[in-house]
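Accompanying notes for the structure given below.
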Amino acid sequence: MYSYPVVIHFHRKNGDYAACSFSRKQADVKENLYYENDYFGAKFSFTVTSAERLDTLTFSVEIDGKTKDYLLRFNYYPLLTEVWILDGDETVYYSENPAIASPYYKDRNPFAFDKAFHSESFDHHWGYQGELGYSISDCQTSFKLWAPTATAVQVVVYENTSNDAPIWKTFNLKRGNSYSYSHKYNTIGVWSVDLDENLAGKAYQYRIEFPHHQTLTRDPYTIATSPDGKHSVILSQQDRQVEGFKVKHGVDAHWRLENPCKAVICEMHIRDFTKSPTSGVPENLRGTFLGAAQTGTVNQYGQATAFDYIKELGCNYVQLQPIFDRHKEYDEDGNVTYNWGYDPQNYNAPEPSFSSNPDDPGQVIRDLKTMIQAYHDAGIGVIMDVVYNHTFSTVDAPFQTTVPDYYYRMNPDGTFQNGTGVGNETASEHEMYRKYMIDSLLYWVKEYNIDGFRFDLMGIHDVKTMQAIRWALDEVDPR
């Protein structure tokens, strides 16, 4: 049996809902609906159940003997389907912002959807080019979040990094008050707080309030996560260090090629590379970053496997299929199921299931750095497969929950454009997502010494953004 939760908001400029009758129809079965009042007008909340999959639902409004039918498309199952409908407006809206920008809304805000359709003016006013995320020192932890449409922001700090950790403390963030044409100093859309405590080893989320709802979300600039990727994690510099790892660029990065046409690239999936017992890798390291750096391993025929096999091939680069944190499914035993990795969840955090200890958020970072250093020492560069063109989810992704309808390309009815074919596509032409992509790539280069990037569906991104990325990386190392 399938269950489809539905919320419908219906608005009349004259506020007279008593003169209306409401119903829903599914498979020729009509059912009367009763409303409660909310900020928008009349609100209907119900669940549609069916033995078969459903695509649509008909919502009907009868006024003075005339019936108007609205066809609703269900959201991806089993997610909530929430729509906004206005008397006199033919469009069914799937986001609040275009609905309150409609001329049929009593308290219309004609600029409410500018962040999606007039992003240049929105960015001109709200854009910010300074540091974002958290920073930490021996005696202080600071948080900084860009959320220009929020009315209040709190950081919720958890006692530890486990998935079910209880809340430790909650702190209020303050909105910046500096408006500047130089976006480096334009803080009016930035919320921040400086705490005189070292919070290393704790997890956090942001509680963000908007005029009609609030969300609890992780930091878009998350660099480490809880095992399921839903909580951001605070780590000290020491937590992220591993003996022997060094970031090198320019002439010191001797493994990087001057002529890219001479690259011999081996594409690799971290899990698949050593998951089989025939890899010869110790069982506890199979399918992990450390497993991919093991030496001295052979199969049952005495042939070199794993890292030694890569070196024998003569490759000078390995191209890793996505290693950032992704959405995960679990089997009945609680193990992470197989996935290529193209379900982005946290772009700046490595995937915990590739760690030798997924319950330790710092260990996955140290393991990845250990692996990268081993390949560099062998004269082999490391390329990341990056998937900035979409996110797995728009419902709990930190982009949509932090600044609704800004980070994705939207349709006029509030649905997501789908040039990627997976339900959404990011808006690289918007200043703050372009900034995010550049910040993210530079983080992987400066923190992990990554040597190159393969862009999944690069055609989704605008040319100006890709040029800006090229220029930013040229400043580090043109190779």
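Computed from heavy atoms alone, side chains included, the values below leave out hydrogens, waters and symmetry copies.
- A distance of 10.5 Å separates NE2 of H461 from CD of E429, quoted to the nearest 0.5 Å.
- Residues I460 and R409 are in side-chain contact: their nearest non-hydrogen atoms beyond the backbone lie under 4.5 Å apart.
- Summarising the geometry, atom CG belonging to N411 is positioned 11.5 Å from atom OG1 belonging to T91; distances are rounded to the nearest 0.5 Å.
- Looking at S226, its side chain does come within 3.5 Å of a backbone N or O of H231 through a donor-acceptor pair.
- W146 places a side-chain N or O within 3.5 Å of a backbone atom of W126 that can act as its donor or acceptor partner.
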Distance-only donor-acceptor hits, side chain of residues 47-54, under 3.5 Å, sequence neighbours excluded:
{"unit_1": "S50", "atom_1": "OG", "unit_2": "E52", "atom_2": "N", "d": "3.0"}
{"unit_1": "S50", "atom_1": "OG", "unit_2": "E52", "atom_2": "O", "d": "2.8"}

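- Checked against a 6.0 Å centroid threshold, the rings of F399 and Y436 count as neighbours.
- Under the side-chain contact (heavy atoms from CB on, under 4.5 Å) criterion, T58 pairs with K25, S60, D69, L71, sequence neighbours left out.
- You'll find the ring centres of Y342 and H390 outside the 6.0 Å limit.
- The pair E90-K68 counts as a salt bridge, with a side-chain nitrogen and a carboxylate oxygen less than 4.0 angstrom apart.
- Look at E267 and R454 and you find no salt bridge, because none of the NZ, NE, NH1 or NH2 atoms lies under 4.0 Å from a carboxylate O.
- Within the 4.5 Å cutoff, the side chain of Q26 has no heavy atoms near those of the E31 side chain.
- If you run side chain to side chain donor-acceptor pair (under 3.5 Å) between K230 and each of T225, N163, D396, only D396 comes through.
- By the 4.5 Å heavy-atom criterion applied to side chains, L145 and Y221 are not counted as neighbours.
- For T401 and T217, the side-chain atoms include at least one donor-acceptor pair closer than 3.5 Å.
- Counting heavy atoms of neighbouring residues, nucleotides and ligands inside a 6.0 Å radius, atom CG of D64 does not exceed 12 of them.
- Expressed to the nearest 0.5 Å, how far OG1 of T465 lies from OH of Y433 amounts to 10.0 Å.
- Remark: the backbone N or O of F111 is paired with a side-chain donor or acceptor of N109 at under 3.5 angstrom.
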Show me the donor-acceptor pairs within less than 3.5 Å that the side chains of residues 15-23 make with the rest of the protein, sequence neighbours left out.
{"unit_1": "D16", "atom_1": "OD1", "unit_2": "A18", "atom_2": "N", "d": "3.3"}
{"unit_1": "D16", "atom_1": "OD1", "unit_2": "A19", "atom_2": "N", "d": "3.3"}
{"unit_1": "Y17", "atom_1": "OH", "unit_2": "R12", "atom_2": "N", "d": "3.0"}

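- Between D413 and R73 there is a salt bridge, with a side-chain nitrogen of the basic residue lying less than 4.0 Å from a carboxylate oxygen of the acidic one.
- When each of Y94, W84, Y105 is checked for a ring-ring contact (aromatic ring centres under 6.0 Å, His included) with H9, only W84 meets the rule.
- Annotation: cation-pi geometry satisfied between K369 and Y448 (NZ/CZ under 6.0 angstrom from ring centroid, within 45° of ring axis).
- Summarising the local packing, CH2 of W340 is surrounded by 12 or fewer heavy atoms from other residues, nucleotides or ligands at distances under 6.0 Å.
- For Q363 against S356, the heavy-atom pair with the smallest separation is CG-OG, 3.6 Å.
- With rounding to the nearest 0.5 Å, the separation of CD in E329 from CG in D343 is 8.5 Å.
- Ring-plane geometry between Y134 and Y204 is classed as perpendicular, the angle between the planes exceeding 60 degrees on a 0 to 90 degree scale with a lower cut at 30.
- L473 has its side chain within reach of L442: a pair of non-hydrogen atoms, C-beta onward, lies under 4.5 Å apart.
- Proximity of a side-chain donor or acceptor of H430 to a complementary backbone N or O of S119 within less than 3.5 Å is not detected.
- Annotation: ring pair (Phe, Tyr, Trp, His ring centres under 6.0 Å) contacts involving residues 53-83, sequence neighbours excluded, comprise Y2-Y77, Y4-F74, Y4-Y77, F44-F59.
- Heavy atoms only, all atoms of each residue included: L79 and N75 are closest at CB-ND2, 3.9 Å.
- Ring geometry for F143 versus Y206: interplanar angle over 60°, hence perpendicular rather than tilted (30 to 60°).
- Take H269 and apply the ring pair (Phe, Tyr, Trp, His ring centres under 6.0 Å) test, not counting sequence neighbours, and it matches Y338.
- To the nearest 0.5 Å, atoms CG (D451) and CD (Q319) are separated by 12.5 Å.
- Looking only at distances, no side-chain donor or acceptor of E197 sits under 3.5 Å from a matching main-chain atom of L199.
- A donor-acceptor pair under 3.5 Å is formed between the side chain of Q417 and the backbone N or O of M410.
- Scored by the salt bridge (Lys or Arg N to Asp or Glu O under 4.0 Å) test, D219 finds no partners at all (sequence neighbours excluded).
- The shortest side-chain heavy-atom distance between D456 and D385 falls under the 4.5 Å cut-off.
- The CE atom of M384 lies 5.5 Å from the CD1 atom of I450; values are rounded to the nearest 0.5 Å.
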